[in-house]
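Side chains are part of it too, since the values below use all heavy atoms of this structure and drop only hydrogens, waters and symmetry mates.
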Amino acid sequence: MKRRLTIYITGLAITALGIALIVRSIVGAGPWDSVAVGLKLHFGLTIGMWSIISQVFLILFTAVIEKARIRIESVLVIVVRSCF
């Protein structure tokens, strides 16, 4: 279990590094990353913070519409990836 978690966290860190390099290179970014970059340019904060705020807001909004519980696993992945 510990090994699998280490591999998973390492994968999230590598993914976050790839996203950071793409955003930094000004080549373009994925949909969520471009939202975070646009919010950073207009309102401040960091790209990671805006990524957390926008994605968690969407998860909460979806949970309310579907009348389902919030999946903590989804929120944890967003927070961990955005912190990297």
Side-chain angles (χ1 to χ4, degrees):
M1 178 70 179
K2 185 177 178 181
R3 184 173 187 266
R4 294 171 89 188
L5 186 62
T6 304
I7 291 171
Y8 186 67
I9 297 294
T10 304
L12 286 175
I14 291 170
T15 303
L17 175 64
I19 292 168
L21 291 174
I22 288 172
V23 169
R24 181 116 170 127
S25 70
I26 311 173
V27 173
W32 282 115
D33 306 319
S34 61
V35 168
V37 169
L39 289 169
K40 179 208 179 283
L41 293 174
H42 288 289
F43 300 111
L45 292 179
T46 63
I47 294 173
M49 286 302 298
W50 280 117
S51 180
I52 291 171
I53 292 167
S54 62
Q55 291 180 31
V56 168
F57 173 75
L58 186 66
I59 287 175
L60 293 172
F61 185 70
T62 304
V64 168
I65 289 175
E66 292 181 348
K67 296 179 182 165
R69 75 173 188 91
I70 298 169
R71 303 282 308 216
I72 192 70
E73 300 88 10
S74 302
V75 176
L76 286 176
V77 171
I78 291 168
V79 171
V80 168
R81 193 189 76 171
S82 297
C83 287
F84 280 125

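- Within the 4.5 Å cutoff, the side chain of Ile70 has heavy atoms near those of the Leu60 side chain.
- Side-chain contact between Val75 and Ile59 is present, with heavy atoms from C-beta onward closer than 4.5 Å.
- Cluster membership for Ile14 and Leu21, using ILVMFWY side-chain heavy atoms within less than 4.5 angstrom, is not shared.
- A distance-only check finds a donor-acceptor pair linking the side chain of Trp50 to the backbone of Gly44 [under 3.5 Å].
- A donor atom on one side chain and an acceptor atom on the other are found under 3.5 Å apart for Gln55 and Ser51.
- Considering only heavy atoms from C-beta on, Val79 comes within 4.5 Å of Cys83 through its side chain.
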Worked verdict on Val77 versus Tyr8 for side chain to side chain contact (heavy atoms under 4.5 Å, CB included): CA-CA 10 Å; Val77 171; Tyr8 186 67; 3.1 Å; yes
Trace of the side chain to side chain contact (heavy atoms under 4.5 Å, CB included) decision for Phe84 with Thr15: CA-CA 9 Å; Phe84 280 125; Thr15 303; over 6 Å; no
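- Distance check, rounded to the nearest 0.5 Å: CD of Glu73 to CD1 of Ile78 gives 11.5 Å.
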Full working for side chain to side chain contact (heavy atoms under 4.5 Å, CB included) between Ile53 and Leu39: CA-CA 10 Å; Ile53 292 167; Leu39 289 169; over 6 Å; no
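- Connection of Val35 to Phe43 is established within a shared hydrophobic cluster, with ILVMFWY side chains joined at heavy-atom distances below 4.5 Å, either directly or through further cluster members.
- Between Val23 and Val37, some side-chain heavy-atom pair lies under the 4.5 Å cut-off.
- You'll find the side chain of Ile19 stays beyond 4.5 Å of the side chain of Ile47, heavy atoms only.
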